[in-house]
Amino acid sequence: MTGDGIDQNKRLPMQWAANGEDSPKAPVGATEQSQTDGGSVAVQEKNPNSLLIGTKKVLRLKAKYPEIASSRITNVEEDNTDLSVINYGNTLTIINNFSSNQTQTIQLPKGVVGMKLADQLVVTSGQVILKDGKLTLPAYSTAILRK
């Protein structure tokens with residue numbers, strides 16, 4: 001906190017308009033925070049790779065696949081630290097490529113072979129490809145596989 005009682009680490013709502021106007025729900029003085037995280041809502045809605053658009057995609061996927069909210073999660077160990085394989089029960093698997101610049105190809109774990117690609121979330125250019133039990137994911141992408 002600063003001497004004026006303002007917590008400098010407090011996350012404020014994203015600015016609503018590109019001209020710096022506060023959102024209708026923003027506290028008074030929210031525009032004191034510079035445009036971080038890519039700028040205002042108006043700016044981020046125009047950028048398909050923005051944090052706002054990515055968050056909206058994730059929320060839509062969570063609504064579409066209720067298994068994601070379950071507590072039956074198993075993280076499958078991989079030698080590659082850029083990859084995360086998460087099983088939700090035995091019907092849904094999510095595989096993430098956290099690499100910022102590399103396409104990753106993995107042989108699917110035994111329990112996942114036979115699943116179909118149901119959805120993909122790709123932040124960078126490229127496409128998730130599932131072929132012959134192998135999954136290829138571009139950088140910053142997620143594949144959702146379902147039985």
Side-chain angles (χ1 to χ4, degrees), residues 1 6-18 20-27 30-147:
M1 285 232 201
I6 297 175
D7 183 352
Q8 295 300 313
N9 294 318
K10 182 178 178 183
R11 299 296 303 189
L12 297 172
M14 196 180 302
Q15 293 176 354
W16 196 255
E21 291 178 14
D22 290 336
S23 73
K25 297 181 181 178
T31 52
E32 293 172 8
Q33 181 168 326
S34 63
Q35 289 196 5
T36 59
D37 298 333
S40 67
V41 171
V43 169
Q44 287 205 20
E45 283 183 333
K46 294 176 185 172
N47 179 357
N49 297 323
S50 72
L51 179 61
L52 176 64
I53 297 300
T55 300
K56 285 181 175 184
K57 287 177 182 178
V58 168
L59 291 173
R60 281 193 297 273
L61 288 174
K62 284 180 72 176
K64 187 173 183 179
Y65 300 104
E67 299 98 324
I68 293 174
S70 82
S71 60
R72 298 179 306 162
I73 299 171
T74 306
N75 198 2
V76 178
E77 289 295 323
E78 286 290 329
D79 292 335
N80 187 333
T81 58
D82 288 336
L83 293 173
S84 166
V85 181
I86 305 168
N87 290 335
Y88 293 85
N90 60 1
T91 60
L92 186 77
T93 297
I94 297 179
I95 303 176
N96 299 292
N97 178 3
F98 295 115
S99 171
S100 61
N101 59 6
Q102 291 186 341
T103 295
Q104 302 282 335
T105 300
I106 65 165
Q107 179 67 45
L108 292 177
K110 188 168 43 173
V112 178
V113 172
M115 287 188 162
K116 294 183 172 68
L117 182 63
D119 263 307
Q120 57 186 317
L121 176 62
V122 181
V123 177
T124 59
S125 61
Q127 184 176 353
V128 175
I129 300 170
L130 175 61
K131 185 175 181 182
D132 300 327
K134 291 186 180 179
L135 185 69
T136 302
L137 300 108
Y140 284 139
S141 65
T142 298
I144 298 178
L145 305 173
R146 199 169 206 182
K147 287 210 181 222

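- Taken to the nearest 0.5 Å, the CG atom of Asp82 stands 5.0 Å off from the CD atom of Gln104.
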Verdict with supporting geometry, Leu117 and Leu145, side-chain contact (heavy atoms from CB on, under 4.5 Å): CA-CA 5 Å; Leu117 182 63; Leu145 305 173; 3.8 Å; yes

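- Closest approach of Lys147 and Asn90 over heavy atoms only: CE-O, 3.1 Å.
- The list of salt bridge (charged side-chain N to carboxylate O under 4.0 Å, His left out) pairs with a residue in residues 136-146, not counting sequence neighbours, reads Glu67-Arg146.
- With rounding to the nearest 0.5 Å, the separation of OG1 in Thr55 from CZ in Arg60 is 10.5 Å.
- In this structure, Phe98 and Tyr140 approach most closely via the heavy-atom pair O-CE2, 3.6 Å.
- At a threshold of 4.5 Å between non-hydrogen side-chain atoms, the residues Lys56 and Glu45 count as touching.
- Considering all non-hydrogen atoms of both residues, Asn87 and Val112 come closest at OD1-CG2, 3.8 Å.
- Here the shortest heavy-atom pairing between Pro138 and Thr136 reads CD-O, 4.1 Å.
- We find the CD1-NZ distance between Ile129 and Lys134 to be 13.0 Å, quoted to the nearest 0.5 Å.
- Asp119 places no side-chain N or O within donor-acceptor distance of the main-chain N or O of Thr142, the cut-off being under 3.5 Å.
- Counting heavy atoms from C-beta on, the side chains of Asn47 and Ile53 never come closer than 4.5 Å.
- Using a 4.5 Å heavy-atom threshold, the side chains of Leu130 and Leu108 count as touching.
- In this structure, the separation between CD1 on Ile106 and CG on Leu83 is 5.5 Å, given to the nearest 0.5 Å.
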Could you go through the side-chain contact (heavy atoms from CB on, under 4.5 Å) check for Gln127 and Val122 one step at a time? CA-CA 7 Å; Gln127 184 176 353; Val122 181; 5.9 Å; no

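- Taking the side chain as every heavy atom from C-beta outward, Leu61 and Ile94 never approach each other to under 4.5 Å.
- Across every non-hydrogen atom of Gln120 and Val128, the tightest pair is OE1-N, 2.8 Å.
- For Lys62, there are no salt bridge (charged side-chain N to carboxylate O under 4.0 Å, His left out) partners two or more places apart in sequence or in a different chain.
- Side chain of Asn97 to backbone of Ser99: a donor-acceptor contact under 3.5 angstrom is found.
- Leu121 and Lys57 get closest at one heavy-atom pair: CD1-CD, 3.1 Å.
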